[in-house]
Novice: 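Shown below is the structure under consideration.
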Protein chains: 2
Amino acid sequence: MAPRLRLRLRFDDGAYIGPGKADLLALIAETGSISAAAARMGMSYKRAWSLVEVLNAMFAAPLVASVRGGAHGGGAHLTETGKAVLATYGAMQANADAAAATDIAKLLALRALASRTCGSSS
Amino acid sequence: MAPRLRLRLRFDDGAYIGPGKADLLALIAETGSISAAAARMGMSYKRAWSLVEVLNAMFAAPLVASVRGGAHGGGAHLTETGKAVLATYGAMQANADAAAATDIAKLLALRALASRTCGSSS
DNA sequence: CCTCGTTATGTTTGGCGGGAAATAACGATG
DNA sequence: CATCGTTATTTCCCGCCAAACATAACGAGG
């Protein structure tokens, strides 16, 4: 099942990183291109680029390094910082999801009662 | 410091519960009124009410029971299901936050380097 | 030097979510 | 039966985000 717990980490200055930016980072790492990653996520290039701009500005060093022009027009790849952020975000998500599993199950149960509406009243 | 990790739990049908709805539930429980809770959160009554409507529809039973008219005009309170959802969400948040603490610290460190301009690479 | 694909950036437009305000329903209480 | 404060619901309007479109810069390589 798709990852159901979505995490957004908010920093004290209002900047935040969430699933959208994390997925974008992962796709940039995979495709080596901002435009290709944007296409994969079904978003416009401009939006993807603006997210990259924000990401690059909110950490100590840029997360994405891009090259303009050249053999195939250019490309983009993750810096060491970018890889570290992506990996850490993934780990955080996994850890949080595991820790919340029982509570998620409880909430799911509170919801599931609805589907049972057949015949048996409470 | 304010809780920095925000959780949004997405169900398979697209419905979700996040910090906003959870806070609203808590304030309704505390104030006994939708309008008072809305005022506390700095949102319009209409928005609060629509959130309550969504919350009531997305679980097996309504989370908020409201009374119209009467001595003081009416009011609202959490049902047993509502209390359970609120408590479980709070527990989930606490558990997830604890589990993610070390990763959060890592990300914070990746950000803080900006202030420290420290040269030592990994 | 021309092509090509990508990054980088500006401008415009449209949709839609939310806010504000107005209104109705409601029911204990005096 | 008038009052009162809250819930419930509609309508209108505006601001903002983002999509769409347009364009420039860039640089390896044929």
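Residue numbers start from 1 in every chain, and the chains themselves are labelled A, B, ... in the order their sequence lines are given, proteins ahead of strands.
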Novice: Which is it for B/D13 and A/R111 under the salt bridge (charged side-chain N to carboxylate O under 4.0 Å, His left out) test, yes or no, and what are the steps along the way?
Specialist: CA-CA 11 Å; B/D13 62 350; A/R111 239 173 82 80; 3.0 Å; yes
Novice: C/dG5 phosphate, OP1 or OP2: any side-chain N/O from A/S33 under 4.0 angstrom?
Specialist: no
Novice: Report yes or no: is there a donor-acceptor pair, N or O only, under 3.5 Å between the side chain of A/K46 and the base of C/dG10?
Specialist: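 It does, because a donor-acceptor pair links the side chain of A/K46 to the base of C/dG10 below 3.5 Å.
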Novice: In Å and rounded to the nearest 0.5 Å, what is the CZ to CZ distance from B/R10 to A/R4?
Specialist: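 It is 12.5 Å, given to the nearest 0.5 Å.
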Novice: Mind checking if B/G70 touches a base, just sugar-phosphate, or nothing, with heavy atoms under 4.0 Å?
Specialist: base
Novice: Hey, where on DNA chain D does chain B first and last touch, going 5' to 3'? Cut-off is any atom under 4.0 Å from a heavy atom.
Specialist: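 Reading along DNA chain D, I get D/dG5 to D/dT11.
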Novice: Hey, does the side chain of A/S35 come within less than 4.0 Å of C/dT7's phosphate (OP1/OP2), counting only N and O?
Specialist: yes
Novice: Side chains of B/S33 and B/T31 only: does a donor on one sit below 3.5 Å from an acceptor on the other?
Specialist: no
Novice: Over how many whole Å does the gap from A/H72 atom NE2 to C/dC4 atom C1' extend?
Specialist: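 Those two atoms, NE2 and C1', are 10 Å apart.
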Novice: What's the CZ-C1' distance between A/R68 and C/dG5, to the nearest Å?
Specialist: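 The answer, rounded to whole Å, is 13 Å.
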Novice: How close or far is atom P of C/dG17 from atom CE of B/M43, stated in whole angstroms?
Specialist: 16 Å
Novice: Want to settle it: does A/G73 or A/E53 sit nearer the 5' end of DNA chain C, counting the closest nucleotide to each?
Specialist: A/G73
Novice: For A/A71 and B/I34, find the nucleotide of DNA chain D closest to each by heavy atoms; which residue's nucleotide sits nearer the 5' end?
Specialist: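 Between the two, 5'-proximity favours B/I34.
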Novice: When you check the phosphate oxygens OP1 and OP2 of C/dT7, does a side-chain N or O of A/W49 lie under 4.0 Å from one of them?
Specialist: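 So the side-chain polar atoms of A/W49 never come under 4.0 Å of the phosphate oxygens OP1 or OP2 of C/dT7.
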Novice: Start with the C-alpha gap between B/L7 and B/I17, add the side-chain angles, then the distance that decides, and say whether side-chain contact (heavy atoms from CB on, under 4.5 Å) holds.
Specialist: CA-CA 8 Å; B/L7 308 182; B/I17 182 172; over 6 Å; no
Novice: Looking only at non-hydrogen atoms, find the nearest pair between B/M58 and B/Y16 and report the distance.
Specialist: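 Distance-wise, the nearest heavy atoms are CE-O, 3.4 Å.
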Novice: Do A/D103 and B/Q93 have side-chain heavy atoms sitting under 4.5 Å apart?
Specialist: no
Novice: Can you check whether B/R47 has a side-chain N or O nearer than 4.0 Å to OP1 or OP2 of C/dG18?
Specialist: yes
Novice: Quick one: does A/N95's side chain have a donor or acceptor within less than 3.5 Å of a partner on B/A96's backbone?
Specialist: no
